[in-house]
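Below is one structure, written out as structure tokens; the observations come after it.
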Amino acid sequence: MTMHIGMVAGEPSGDLLAARVMQGLQQQAPGSIYTGIGGPAMARQGLDAWHSMDALTVFGYVDAFKRLPGLLNTYFNVKKRWLNDKPDVFVGIDAPDFNLRLEHQLKQAGIPTVHFVGPSIWAWRYERIHKIRAAVSHMLVLFPFEEEIYQKEGVPVTYVGHPLAGVIPMQPDKVTARKYLGVDPSARVLAILPGSRSSEINLLAPRFLQAAQILARQDPNLQFLVPMVNIKRRKEFEAILRTYPLPNCRIIDQHSGAATQDPITAQLFAANDARPAAWNVMEAADAVLVASGTATLETSLFKRPMVISYVLSPMMKRLMEWKSGQARPSVPWVGLPNILARDFVVPELLQDDATPAALAEASWKALTDQHYADQVAEGFMLMHETLRRDTPALAALAILQQAGHA
């Protein structure tokens, strides 16, 4: 009997995670039908996308309020369709504000619900555990410390590792990455990742570019690579770049690369057309200046020293404090590599501390202190080994068990 699996992912990182899980499901339940909301990676794995994930990609409460009518239309549309044609199981990937509400409704209708990527209750709003318990039949978590939290709270849980740890190579290949991007193999290279959301780029890119201008004066030969997730973000960044011009700066998108004429190198990278532009940049870089988020974990898996930064607008900060009842996270770190290490392995410069001068100073150390870079890489290697599990297979097995097909 053909199995029907409903899925919702709300942004690029969730799209990639979901696509890996779909690969595992295809191995264990070939011929399954997938419906819901997702992006290009899920579409390549066979998702019948009723809505693009762009319909859910919002940043914070202000953006969500502005887009509330569209979000509600999307929510009620998918809920109605799944209640009329019940899937064997529903899998919500991240996007907790949307997915937990949907999961609660579907679970009440007798549809098993699996949530993949536990909300960061260990940092913000622990009380959400009650909503999770009511909405989720089974939780799949990316990090080992999360399993104990859900077990203690009586929520069925499986630690599946992080799928990116099984895809990103244990030993990054800087030489091949630079050949592919056409970067001088002997150059000193800083990757700049100001985020994948419009709000992040508008708040972080000016600071990052001013920091890069300071670094360019220290080393006029320093190369800068800036990956962009799509053409919209690229245009936003280019507008800011005109205000803060930077020598030796290249913007890299999904179609960049193959600058080399070496067909083997081009084939190694281009064979997987789902490989994000940011991965090529991280692998080619000596160090990374990065917005807090999934990109910090990706950077650690590529074993690169990094400087993590984040800035919220005053209004957004007040809204977050009001919504969460917290002025700061319950843990002293915001970057995933530091949270996993339980230590400040790499610097975090947030809010008023994220000055161009401070960002430049920390980035210069990451670029030039080889002993420090080697220590960071060694720690990230151990982290990679911990996170490396057969995530697609483990996640697929848990999903199929909930659907009664295992």
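Quick note: numbers below take in every heavy atom, side chains included, and nothing from hydrogens, waters or symmetry partners.
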Which donor-acceptor pairs under 3.5 Å do the side chains of residues 156-171 make with protein atoms, sequence neighbours left out?
| unit_1 | atom_1 | unit_2 | atom_2 | d |
| --- | --- | --- | --- | --- |
| Thr158 | OG1 | His138 | NE2 | 2.7 |
| Tyr159 | OH | Thr386 | O | 2.9 |
| His162 | ND1 | Leu164 | N | 3.2 |

Donor-acceptor check, side chain of [X] to backbone of [Y], threshold 3.5 angstrom: yes or no?
X      : Y      : result
Arg207 : Ala354 : yes
Lys303 : Leu301 : yes
Asn338 : Val346 : yes
Glu283 : Asp173 : yes
Asp88  : Ile5   : no
Arg128 : Pro119 : no
Thr113 : Ser137 : yes
Asp15  : Ala41  : yes
Gln213 : Pro245 : yes
Arg178 : Asp184 : yes

Indicate yes or no: at least one non-hydrogen side-chain atom of [X] is less than 4.5 angstrom from one of [Y].
X      : Y      : answer
Pro276 : Val229 : no
Ile214 : Pro356 : yes
Leu193 : Met306 : no
Pro12  : Thr294 : no

Greater than 12 external heavy atoms within 6.0 Å of [X]'s [atom1]:
X      : atom1 : answer
Asn84  : CG    : yes
Glu378 : CD    : no
Gln210 : CD    : yes

Could Arg233 and Glu236 be called an ion pair, given the rule that one side-chain N must be under 4.0 Å from one carboxylate O? yes
Measure across [X] and [Y] and return the closest heavy-atom pair with its distance rounded to 0.1 Å.
X      : Y      : answer
Thr296 : Ala291 : CG2-O, 3.6 Å
Ala362 : Pro347 : CB-CG, 4.1 Å
Ala366 : Tyr372 : CA-CE2, 4.1 Å
Met7   : Tyr34  : SD-CD2, 3.8 Å
Met42  : Met22  : O-CE, 3.6 Å
Ile121 : Ile129 : CD1-CD1, 3.9 Å

Atom [atom1] of [X] and atom [atom2] of [Y]: how far apart are they, to the nearest 0.5 Å?
X      : Y      : atom1 : atom2 : answer
Ile339 : Glu348 : CD1   : CD    : 7.5 Å
Met381 : Ser300 : CE    : OG    : 11.5 Å
Asp390 : Leu397 : CG    : CG    : 10.5 Å
Leu312 : Leu204 : CG    : CG    : 9.0 Å
Ile399 : Met3   : CD1   : CE    : 8.5 Å
Leu297 : Phe143 : CG    : CZ    : 5.0 Å

Please, which pairs that meet salt bridge (Lys or Arg N to Asp or Glu O under 4.0 Å) have at least one residue in residues 140-153, sequence neighbours excluded? Arg133-Glu153
Residue pairs passing the salt bridge (Lys or Arg N to Asp or Glu O under 4.0 Å) test where at least one lies in residues 71-84, sequence neighbours excluded: none
I'd like to check the side-chain contact (heavy atoms from CB on, under 4.5 Å) partners of Ala373; sequence neighbours left out, ordered by chain and number. Pro305, Gln370
Considering the options Thr35, Thr74, Ile37, which one meets the side chain to side chain contact (heavy atoms under 4.5 Å, CB included) requirement together with Trp50? Thr35
Test Val290 against every option in Ile192, Val307, Ile308 by the side chain to side chain contact (heavy atoms under 4.5 Å, CB included) rule and name the one that passes. Ile308
Step by step, would you call Phe90 with Val78 a side chain to side chain contact (heavy atoms under 4.5 Å, CB included)? CA-CA 12 Å; Phe90 172 80; Val78 296; over 6 Å; no
Sequence neighbours excluded, which residues qualify as salt bridge (charged side-chain N to carboxylate O under 4.0 Å, His left out) partners of Lys174? Asp286
Qualifying residue for side chain to side chain donor-acceptor pair (under 3.5 Å) with Glu238, from Arg242, Lys235, Arg234: Arg234
Under 6.0 Å from the ring centre and within 45 degrees of the ring axis: does the NZ or CZ of Arg188 meet both conditions for the six-membered ring of Trp364? yes
Please lay out, stage by stage, how Phe380 and Thr299 fare under the test side chain to side chain contact (heavy atoms under 4.5 Å, CB included). CA-CA 9 Å; Phe380 287 164; Thr299 302; 5.8 Å; no
Run the numbers on Leu25 and Ser32 for side chain to side chain contact (heavy atoms under 4.5 Å, CB included), then give the verdict. CA-CA 8 Å; Leu25 286 164; Ser32 296; 5.8 Å; no
Considering only residues two or more places apart or on different chains, which pairs with a residue in residues 92-118 satisfy ring-ring contact (aromatic ring centres under 6.0 Å, His included)? Tyr75-Phe98
